[in-house]
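Read through the structure below, which is laid out as structure tokens, and then see the notes.
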Amino acid sequence: MTKVRVHELAKVLDTNSKELIALLGEYGYVIKNHMSVLEEDQLDIIFEVFTQRFDKAVEIPVFGREKAAEPEKPKKAKKKGGETAATEAEPVVEAEPLSDEPIKRKVRHVDTRQTVVDVNKMDTEKLEELVPTNVSEDGVKKQKLKKGANRHRDNNVTAKIKTPPVKEQKVKKEKKKVLIPNEISVGEFASRMGVSPTEIIKKLMTLGIMAAINQTIEFDVASLIAEDMGAIVEQEIILTAEEILLAEEEDKPEDLEPRSPVVVVMGHVDHGKTSLLDAIRSTNVTDTEAGGITQHIGAHRVRIHDKKITFLDTPGHEAFTAMRARGAQVTDIAILVVAADDGVMPQTIEAINHAKAANVSIIVAINKIDKEGANPDRIKQDLTEHGLIPEEWGGDTICVEVSAKQKLNIEGLLEMVLLVAEMRDLKANPNRKAKGTVIESRLDKGRGPVATVLVQNGTLKVGDIVLAGTAIGHVRAMLDDKGRKIKKAAPSVPAEITGLSETPDGGDLFYVIEDERLGKTVVENRKQQLKEERIKAHTAVTLDDLFDRIKEGQVKELNIIVKADVQGSVEAVRQSLEKLSNEEVRVKVIHGGVGAIRESDVMLAFASNAIIVGFNVRPDPGAAASAERQGVDVRLYRVIYNAIEEIEAAMKGMLEPTYREEVTGHAEIRQTFKVSGVGTIAGCYVLDGTIARNTQVRLVRDGIVVHEGKLASLKRFKDDVKEVNSGYECGLGIENFNDIKEGDIVEGFKMVEVEK
């Protein structure tokens with residue numbers, strides 16, 4: 001069929017393009033502009049309307065269709081009185097060509113007199129529509145003829161149908177198809193429906209929804225109204241620039257190839273993490289390599305037999321958690337280093353909990369077995385208390401005894417890593433565009449932004465366009481972990497790249513893209529989103545909004561970190577809290593420890609969306625600032641039952657906090673004096689805020705709350721004062737308490753009523 005554009009047909013029908021576009025809009029067709037090409041069914045609608053609009057004959061052009069069959073000669077029918085009425089046939093008339101191809105016009109006369117109707121011109125399915133539906137005043141039934149899109153002609157079949165003069169002719173509207181996204185404004189919805197916004201607002205009011213023209217309504221509401229108005233609804237899927245750019249197809253099983261495992265070393269301070277990494281590296285790197293300097297790019301690869309292993313040189317589980325908080329699942333295996341002469345320490349437990357939360361396999365390296373007092377069996381016994389059962393005791397945790405200093409059994413440890421990797425069946429597809437994670441980045445004076453990346457799928461090549469966080473650019477050069485220039489990096493291979501527009505953050509995912517312009521659009525959108533998020537801040541789970549979020553289905557698991565002054569309290573709280581689990585939400589203590597609340601606890605809480613519960617302990621200054629900045633809920637108690645009751649009340653939606661604690665200042669005790677008849681007086685230096693006489697105070701020693709009470713006295717030199725500001729010295733005494741020592745911290749606080 002010849003392509004017919006809107007403006008061409010408008011010219012033939014002596015109308016304008018806007019009228020035709022509006023007409024088709026009533027029938028659910030969205031025509032973009034006057035240059036749009038019309039489909040055959042759209043042409044049929046226009047011809048039908050324009051034919052029935054005028055009493056006179058209208059010339060309807062036929063574009064590129066087969067030539068109509070020769071019409072029959074006019075037949076004469078006798079009427080009363082001997083008059084005759086001729087039925088006009090439909091002659092084919094040649095017309096001026098609309099385009100380069102010759103176009104034929106067909107003239108159809110609408111005659112309301114007694115006529116012979118050719119049944120062949122109508123779809124057999126639509127003959128039923130000729131059955132009378134209305135009765136006029138004189139009892140004569142009316143009929144409505146509808147022009148179908150397809151004609152099946154048979155010259156042998158005709159029928160005579162008597163029809164009275166038609167007073168009114170209507171075009172039967174087809175059901176309107178409307179595309180509706182997840183959210184749509186009332187004005188836009190009205191425009192798509194082809195009705196006035198007022199009509200939509202009225203419909204919304206009947207549903208009990210009050211919405212203005214510029215307010216948005218959800219898909220379910222819009223579809224309900226559209227269907228009520230007789231439209232067919234289809235959901236519109238709107239893809240963002242990022243979704244279009246980073247759309248991925250799943251790898252076929254036959255395309256996957258084995259890849260090297262990625263390993264991180266974790267453990268307590270001074271248990272030998274660095275020494276173990278150095279021992280592993282020295283077995284594979286010579287001192288003279290790369291000019292005598294080992295290139296440090298945050299990761300390195302070692303060869304064991306004919307296979308390789310990638311080690312991440314992270315400075316501990318803090319960086320590991322920071323990566324996980326950004327959504328980067330980088331490592332496959334964690335080597336947990338435990339000193340054989342020391343045992344399982346608080347940071348060891350933290351490392352275990354971090355690794356479990358990240359769902360990585362754990363291999364325990366029992367280090368320092370060459371030292372006196374080494375007791376590997378005691379280490380294994382301690383590990384069982386934290387869910388790590390050694391293989392030789394019937395569990396599934398591999399424990400390897402090593403000495404990083406003496407380089408004993410390092411190869412055995414690496415073989416175990418390969419064994420675990422083989423069990424996990426690690427695979428990737430090297431024959432696709434690369435994607436992976438940024439390990440670390442820095443700004444080099446000579447080379448500009450430099451990023452260490454770990455390829456996790458595909459192959460990264462020099463010249464590729466890389467998108468990482470809010471950075472984008474072409475890969476100008478690549479170095480491997482030995483400092484050698486390379487042209488490509490396969491899965492599980494770390495590489496240092498240059499050419500990005502800025503330094504991405506550690507943990508950012510990177511992608512190789514093809515459309516640089518679209519990539520820059522994504523970067524700008526991400527920058528805008530980050531700006532909005534900073535304003536909005538992180539909405540972490542708090543006890544205040546816990547019930548609402550449980551009801552909304554946002555919280556299925558309540559993660560809690562417990563810190564207390566003694567281990568017995570930690571275990572008691574863990575058991576009591578986990579018993580609060582119900583059908584809607586499971587309470588899970590993901591970490592418990594003894595001592596002050598540290599910044600690492602806040603980082604774990606932020607990454608795991610957890611609440612920190614403290615008993616007789618305080619957060620250190622860094623942890624308090626970090627918790628406030630990241631929105632982590634820290635709850636401090638002196639009595640265990642208070643915590644259990646408060647969390648249970650929060651889960652039931654009955655928590656109504658009336659007062660909250662507001663810390664006014666901290667003072668460090670520099671010197672103590674014993675005064676007869678008065679007790680112990682402390683010479684202090686106010687570190688921050690103010691210490692006032694009317695505030696309550698608590699005495700904190702090494703992060704543990706020793707006493708809580710009131711000030712008995714507050715002086716500057718020999719004068720009594722109401723308050724002392726930061727940066728000044730003062731003397732103070734605490735009511736009914738004399739166990740004051742140098743180095744203790746006096747924390748002033750007051751209870752403030754919470755506005756409801």
Side-chain angles (χ1 to χ4, degrees), residues 261 263-269 271 273 316-318 320-321 324-325 329-340 342-367 375-402 413 416-417 419-421 423-424 556-564 566-581 585-595 598 600-601 603-605 607-613:
V263 182
V264 66
V265 179
M266 306 169 75
H268 192 72
V269 175
H271 277 203
K273 290 182 294 184
H317 47 266
E318 289 86 0
F320 179 82
T321 310
R324 196 167 65 81
Q329 292 290 350
V330 184
T331 51
D332 307 306
I333 299 167
I335 294 179
L336 182 67
V337 182
V338 187
D342 199 357
V344 175
M345 302 297 284
Q347 279 187 299
T348 314
I349 299 166
E350 281 187 19
I352 292 170
N353 292 329
H354 280 72
K356 283 182 176 178
N359 194 29
V360 300
S361 302
I362 300 174
I363 296 175
V364 179
I366 302 175
N367 194 22
N375 188 351
D377 287 337
R378 183 171 66 86
I379 303 298
K380 293 174 184 176
Q381 179 62 46
D382 291 345
L383 290 171
T384 59
E385 296 175 9
H386 301 284
L388 300 181
I389 316 296
E391 277 189 329
E392 54 266 38
W393 291 7
D396 55 3
T397 303
I398 297 174
C399 296
V400 184
E401 297 175 17
V402 299
L413 175 64
M416 289 299 105
V417 170
L419 178 64
V420 172
M423 289 167 62
R424 290 196 62 170
K556 301 290 185 187
E557 209 171 60
L558 175 60
N559 293 329
I560 296 178
I561 294 171
V562 178
K563 295 300 290 283
V566 292
Q567 186 63 37
S569 297
V570 175
E571 294 307 317
V573 173
R574 181 196 295 269
Q575 292 172 9
S576 301
L577 291 178
E578 290 184 343
K579 285 179 183 176
L580 297 176
S581 299
V585 63
R586 184 165 76 95
V587 180
K588 184 180 177 185
V589 177
I590 62 170
H591 175 59
V594 176
R598 308 288 181 195
S600 59
D601 298 317
M603 290 180 70
L604 178 57
S608 306
N609 215 10
I611 292 169
I612 298 177
V613 173

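Values in this document were obtained by computation on a predicted structure and should not be read as measured data.
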(message) If you define the side chain from C-beta out and look only at heavy atoms, does anything of Ile379 sit under 4.5 Å from Leu383?
(response) yes
(request) Find out whether Lys380 and Ile366 are in side-chain contact, i.e. whether some heavy atom of one side chain is under 4.5 Å from a heavy atom of the other. (result) yes
(request) May I ask you to decide if Ile333's main-chain N or O and Ser361's side chain share a donor-acceptor pair within less than 3.5 Å? (result) no
(request) Measure across Val570 and Ala564 and return the closest heavy-atom pair with its distance rounded to 0.1 Å. (result) CG2-CB, 3.7 Å
(request) Enter the distance from Cys399:SG to Ile362:CD1 here, rounded to the nearest 0.5 Å. (result) 10.5 Å
(message) Would you say that Asn353 contacts Ile590 through its side chain, given a criterion of any heavy-atom pair below 4.5 Å between the two side chains?
(response) no
(message) I'd like to check Val562 versus Arg574 (side-chain heavy atoms, cut-off strictly below 4.5 Å). Are they in contact?
(response) no
(request) State the OG-NZ distance between Ser608 and Lys588, to the nearest 0.5 angstrom. (result) 8.5 Å
(request) Quick one: closest heavy-atom pair of Ser581 and Val587, and the distance? (result) OG-N, 2.9 Å
(request) Can you spot which of Asp382, Val344, Ile352, Ile398 makes a side-chain contact (heavy atoms from CB on, under 4.5 Å) with Leu388? (result) Ile352
(message) More than 12 heavy atoms of other residues, nucleotides or ligands under 6.0 Å from CG of Asp377: yes or no?
(response) yes
(request) List the atom of Arg378, the atom of Ala340, and the distance in Å for their closest heavy-atom pair. (result) NH2-O, 4.3 Å
(request) Supply the atom-to-atom distance Met266 CE to Ile335 CD1, rounded to the nearest 0.5 angstrom. (result) 11.5 Å
(message) If you compare all heavy atoms of Ala334 against all heavy atoms of Val360, which two are closest, and at what distance to 0.1 Å?
(response) CB-CG2, 3.9 Å
(message) Would you compute the distance between atom CZ of Arg598 and atom CD of Glu350 and round it to the nearest 0.5 angstrom?
(response) 10.0 Å
(request) Answer yes when Asp601 and Lys563 have at least one side-chain N-carboxylate O distance shorter than 4.0 Å, and no when they do not. (result) yes
(request) Of all the heavy-atom pairs spanning Ala365 and Val402, show the shortest one and how long it is. (result) CB-CG2, 4.2 Å
(request) Hey, could you give me the CG/CZ distance between Leu580 and Arg586, rounded to the nearest 0.5 Å? (result) 13.5 Å
(request) Answer yes or no: is there a side-chain heavy-atom contact under 4.5 Å between Val420 and Pro261? (result) no
(message) Would the distance check show the side chain of Thr348 and the main-chain N or O of Met345 forming a donor-acceptor pair, the cut-off being under 3.5 Å?
(response) yes
(message) Does any part of the side chain of His591, heavy atoms only, come nearer than 4.5 Å to the side chain of Leu604, both counted from C-beta?
(response) yes
(request) Output the distance between atom OG (Ser576) and atom CD (Glu571), rounded to the nearest 0.5 Å. (result) 11.0 Å
(request) Indicate the atoms forming the closest heavy-atom contact of Leu336 with Gly267, along with that distance. (result) CD1-CA, 4.3 Å
